[in-house]
Amino acid sequence: MAATTVTPAVPRPAAAGPAGADSVAVPLALPLPVLHSTVLGWYEANARDLPWRTPEATPWAVMVSEFMLQQTPVKRVLPAWAAWLERWPTPADLAAEAPGEAVRMWGRLGYPRRALRLHAAAVAITEEHGGGVPDDHATLLSLPGVGEYTAAAVASFAFRQRHVVLDTNVRRVFARAVTGVEYPAQATTAAERRTATALLPADAETAATWAVAVMELGALVCTARGPECGDCPLFTACVWQRAGCPPYEGPARRGQSYEGTDRQVRGKLLAVLRAEHGTVEQARLDAVWPDPVQRARALDGLVADGLVEPVEQGVYRLPQ
DNA sequence: CAAGCGTGGTC
DNA sequence: TGACCAAGCTT
């Protein structure tokens, strides 16, 4: 079958060259409609049964899931998400509480600044947007803790709109299937965005399902390590596969050291504060880490971030 | 824009 | 076992 050339949905300015000169050649050996039906069919048969994907899931429930899923695996999010929504079924419910309660409820999901930002987003929704999660991308993007990905995800998944949803899974699927490399670059490029735009179904409802379907393919089959190419619906079309699965070439991908870092100390300090419902004396915090310099730096950082509130000299608590 | 930000699991 | 990974955001 001949390779299909896909023209971007949003053409570049004419000044960039003759018409079509800047079109994105997508050497996927599949016509676009076949690509769509292949991935959508795979999704229908293989999608996980996740609670935030059910018709009963409110936009707020979808938004909470997106915050929690930022860098945290689905398995750990599932129970936390259910407990969160049980306690705070609407943005107003969360906004009515102290930010420290959000931090406490966040538990051990990691990156607790997300809890603070989710609380701040709930306050903004309640005070500035009539209590309902905004349905347009730009307004979503203006909320604390909502970046390009999360705004597109909420608009797409909760409101069934047509958006390019580029997360780490989608980027990896396109890197392999379309570009023919094992891993995408560290930062999202304009070329990636053009490719994703070119492949997005025209119909909004279809595009919304397409977005979650490609993500799911990346999460379940086209994984970072040990992809199950034998189970992949794009096996025969995949450019990386056709090239013989060449290994990643490029700069070493950044590792996340943790042992001995300020992050580890912050985690230990905050764990003490989370477990204590009142105030905490300095001595209890001093017990979590031997180095007083690093300990002080970590605590200062938590205070600067608003995750910890100094009450008086040597006494701290979660923010009220 | 590269670096910083938690926590747990995997190979 | 240490490096890498997990639906990113902010500065």
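Throughout, protein chains are lettered first and strands after them, A, B, ... in sequence-line order, and every chain is numbered starting at 1. As the structure is a prediction and not an experimental result, all values here were calculated from the model.
Of the side-chain N and O atoms in A:R274, none sit less than 4.0 angstrom from OP1 or OP2 of B:dG6. Here A:T72 does not reach the OP1 or OP2 of B:dT7: none of its side-chain N or O atoms lies under 4.0 Å away. In terms of phosphate contacts, A:R266 brings a side-chain nitrogen or oxygen within less than 4.0 Å of OP1 or OP2 of B:dG6. The side chain of A:Q71 places an N or O atom within less than 4.0 Å of a non-bridging phosphate oxygen (OP1 or OP2) of C:dG8. Close to C:dC9, at under 4.0 Å from its OP1 or OP2, lies no side-chain N or O of A:Y111.
Summary of the strand contacts: A:E66 and A:P144 both lie near DNA chain C, and taking for each the nucleotide with the nearest heavy atom, the more 5' one is attributed to A:E66. Nearer the 5' end of DNA chain C, as judged by each residue's closest nucleotide, is the contact made by A:L50, out of A:G145 and A:L50. Each of A:G267 and A:A187 has a nearest nucleotide on DNA chain B; the 5'-most of these lies closest to A:A187.
Nucleic acid contact class of A:V146 (heavy atoms, under 4.0 Å, all strands): sugar-phosphate only. Note on A:W106: nothing from the nucleic acid sits closer than 4.0 angstrom, heavy atoms only. Here A:A224 lies in heavy-atom contact (under 4.0 Å) with sugar-phosphate atoms only. Within 4.0 Å of A:T150, counting heavy atoms only, lie sugar-phosphate atoms of the nucleic acid but no base atom. Heavy atoms of A:R108 sit under 4.0 angstrom from primed sugar atoms or phosphate atoms, though from no base atom.
Contact check on A:E97 versus A:R87 returns a salt bridge, with a Lys/Arg side-chain nitrogen under 4.0 Å from an Asp/Glu carboxylate oxygen. Using a 4.0 Å cut-off between charged side-chain N and carboxylate O, A:E276 and A:R317 make no salt bridge. Taking 4.0 Å as the cut-off between side-chain N and carboxylate O, A:R114 and A:E66 do not count as a salt-bridged pair. With respect to the salt-bridge test (charged N to carboxylate O, under 4.0 angstrom), the residues A:D203 and A:R162 do not qualify. Using a 4.0 Å cut-off between a side-chain N of Lys or Arg and a carboxylate O of Asp or Glu, A:E281 and A:R284 do not qualify as a salt bridge.
Checked against A:H36 for a ring-ring contact (aromatic ring centres under 6.0 Å, His included), the options A:W42, A:W210, A:Y43 give a single hit: A:W210.
Judged by distance alone with a 3.5 Å cut-off, no donor-acceptor contact links the side chain of A:T168 to the base of C:dG8. Between the side chain of A:R225 and the base of C:dC5, no donor-acceptor pair under 3.5 Å is found.
At whole-Å resolution of the value, CZ in A:F67 and P in C:dT10 are 8 Å apart. The CZ-P distance, from A:R76 to B:dG6, rounds to 13 Å in whole Å. If you measure from atom CZ of A:R172 to atom C1' of C:dC4, you get 12 Å, rounded to the nearest angstrom. For A:Y149 and C:dA6, the OH to C1' distance is 12 Å, given to the nearest whole Å. At whole-Å resolution of the value, CD in A:E259 and P in B:dG4 are 17 Å apart. Atom pair A:L116:CG and B:dC5:P shows a separation of 15 Å (rounding to whole Å applied). We find that CG of A:L270 is positioned 7 Å from P of B:dT7, with the value rounded to whole Å. Counting to the nearest Å, the C1' atom of B:dG8 and the NZ atom of A:K268 are 14 Å from each other.
Annotation: C:dA6 and B:dC5 have their C1' atoms spaced 14 Å apart (nearest Å). Across B:dA3 and C:dC4, the matching P atoms stand 15 Å from one another, rounded to whole Å. Nucleotides C:dC5 and C:dT1 are separated by 16 Å at their C1' atoms, to the nearest Å. Rounded to whole Å, the C1' atom of B:dC1 lies 15 Å from the corresponding atom of C:dG8. For B:dG8 and C:dC9, the P atoms lie 23 Å apart once the distance is rounded to whole Å.
Taking only side-chain atoms of A:R117, from C-beta outward, the nucleotide of C:dC9, B:dG6, C:dA7 with the closest atom is C:dC9. Distance from the side chain of A:D262 is smallest for B:dC5 among the nucleotides B:dC5, C:dA7, C:dG8. Comparing B:dC5, C:dG8, C:dC4 by their nearest atom to the side chain of A:R263 picks out B:dC5.
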message = Does A:W88 form a ring pair (Phe, Tyr, Trp, His ring centres under 6.0 Å) with A:W60? I'd like the steps, not just the answer.
response = CA-CA 10 Å; A:W88 298 309; A:W60 170 241; 8.7 Å; no

